[in-house]
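Worksheet for the structure shown next.
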Amino acid sequence: MAANVPPTGGLLDPGGAMERLADWKGRLDQLSAATDAMSDRIQELRVTVADDNGLVEVTVDSVGALVDLRLTQRIQRVAPDVVARAIMSTIGVAKRQLADRSQEIIGDTLGTESAAARAIAERVGQQLRDADPGVDVPDEQHGRW
């Protein structure tokens, strides 16, 4: 008679299946909350950087768009092409700092062990660093994941 009783905890055990589903849902809920927190923190990011010569200060938003540009009186003593290069170079520095900070947030909220988190961090880094023409600083100086 005992031979006709299915083993408990197996694939067909309703109690075990419900427990596994509840665990799976709990992990999904945690991932969803972490992803929301990551998204909120990244959307709030702004990075402001001044060039080394004190000509310009730029601010970029969470997607790397220029949202503020301040020029100092020093620009009157240099050629316009020097000012233009200073602006472009400083935007590049700001975007790299934004990429670094975004990747830190991804690591803090999603962890660094997850393949999904690594993929998101890599994509963010590529979008902010690779879309940055005129910047000639090697990536290994910027702590890429």
Side-chain angles (χ1 to χ4, degrees), residues 6-145:
T8 58
L11 184 62
L12 300 177
D13 175 35
M18 292 301 287
E19 188 176 311
R20 284 189 300 280
L21 283 175
D23 288 346
W24 182 66
K25 184 183 180 317
R27 288 192 305 273
L28 285 178
D29 289 346
Q30 287 176 337
L31 180 59
S32 177
T35 302
D36 289 345
M38 174 200 70
S39 179
D40 291 346
R41 287 178 60 189
I42 288 176
Q43 286 180 4
E44 294 170 0
L45 275 180
R46 294 249 191 288
V47 173
T48 300
V49 175
D51 74 306
D52 292 338
N53 296 317
L55 299 173
V56 302
E57 180 182 274
V58 303
T59 301
V60 295
D61 67 8
S62 62
V63 295
L66 182 65
V67 294
D68 192 26
L69 170 64
R70 297 187 185 268
L71 305 173
T72 68
Q73 293 295 322
R74 292 182 180 187
I75 66 165
Q76 296 174 357
R77 294 185 288 244
V78 297
D81 64 316
V82 172
V83 175
R85 282 194 308 273
I87 292 169
M88 296 305 292
S89 174
T90 307
I91 291 171
V93 171
K95 285 183 177 183
R96 287 192 305 276
Q97 287 183 12
L98 178 67
D100 292 344
R101 185 66 192 115
S102 296
Q103 289 176 324
E104 288 172 16
I105 290 170
I106 293 164
D108 290 347
T109 54
L110 298 181
T112 57
E113 302 303 316
S114 158
R118 287 192 305 272
I120 292 168
E122 182 63 27
R123 182 167 179 155
V124 167
Q126 285 176 346
Q127 286 178 335
L128 293 171
R129 289 185 182 98
D130 296 346
D132 190 11
V135 178
D136 52 2
V137 179
D139 287 339
E140 51 269 8
Q141 290 183 3
H142 302 288
R144 277 187 142 178
W145 269 10

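Side chains are part of it too, since the values below use all heavy atoms of this structure and drop only hydrogens, waters and symmetry mates.
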Problem set entry | Pairwise side-chain contact, Leu45 with Leu98, heavy-atom cut-off 4.5 Å (strictly under) | yes
Exercise. Yes or no on salt bridge (Lys or Arg N to Asp or Glu O under 4.0 Å) for Arg70 and Asp68, after CA distance, side-chain angles and deciding distance?
Worked result: CA-CA 7 Å; Arg70 297 187 185 268; Asp68 192 26; 3.1 Å; yes
Exercise. Under the 3.5 angstrom rule, does the side chain of Asn53 hit a backbone N or O of Leu55 as a donor-acceptor pair?
Worked result: no
Problem set entry | Residue pairs involving residues 38-56 (criterion salt bridge (charged side-chain N to carboxylate O under 4.0 Å, His left out); sequence neighbours excluded) | Arg41-Asp108
Exercise. Is it true that a side-chain atom of Thr72 and a backbone atom of Gly54 form a donor plus acceptor pair closer than 3.5 Å?
Worked result: yes
Problem set entry | With Ser102, the side-chain contact (heavy atoms from CB on, under 4.5 Å) member among Val124, Ile120, Val63 | Val124
For this session: Determine the minimum heavy-atom distance between Gly111 and Ala117, stating which atoms define it.
Result: O-CB, 3.2 Å
For this session: Could you tell me whether the side chain of Ser32 and the main chain of Leu28 form a donor-acceptor pair under 3.5 Å?
Result: no
Exercise. In Å, rounded to the nearest 0.5 Å, how long is the span from CD1 of Ile106 to CZ of Arg101?
Worked result: 10.5 Å
Exercise. What do the steps show when you test Asp100 against Arg96 for salt bridge (Lys or Arg N to Asp or Glu O under 4.0 Å), and what is the final call?
Worked result: CA-CA 6 Å; Asp100 292 344; Arg96 287 192 305 276; over 6 Å; no
Problem set entry | Interatomic distance, Leu66 atom CG to Thr59 atom OG1 [nearest 0.5 angstrom] | 8.0 Å
Exercise. Can you tell me how far CD1 of Ile105 sits from CG of Leu110, rounded to the nearest 0.5 angstrom?
Worked result: 11.0 Å
Problem set entry | Heavy-atom pair with the smallest gap, counting every atom of Ala99 and Gly125 | CB-CA, 4.3 Å
Exercise. Quick one: salt bridge (charged side-chain N to carboxylate O under 4.0 Å, His left out) pairs with a partner in residues 71-82, sequence neighbours left out?
Worked result: Asp81-Arg85
Problem set entry | Test side chain to side chain donor-acceptor pair (under 3.5 Å) applied to Gln76 - qualifying residues, sequence neighbours left out | Gln73
Exercise. For Ala86, does its backbone N or O pair with a side-chain atom of Thr90 as donor and acceptor, under 3.5 Å?
Worked result: yes
For this session: Could you give me the CA-CA distance, side-chain angles and deciding distance for Val60 and Leu128, then say whether side chain to side chain contact (heavy atoms under 4.5 Å, CB included) is met?
Result: CA-CA 11 Å; Val60 295; Leu128 293 171; over 6 Å; no
Problem set entry | Distance, nearest 0.5 Å, that separates CZ of Arg118 from CD of Gln103 | 13.0 Å
Exercise. So, are Asp29 and Lys25 salt-bridged, with charged N and O less than 4.0 Å apart?
Worked result: yes
For this session: Locate the shortest heavy-atom distance separating Val47 from Ala94; write the atom from each residue and the value.
Result: CG1-O, 3.8 Å
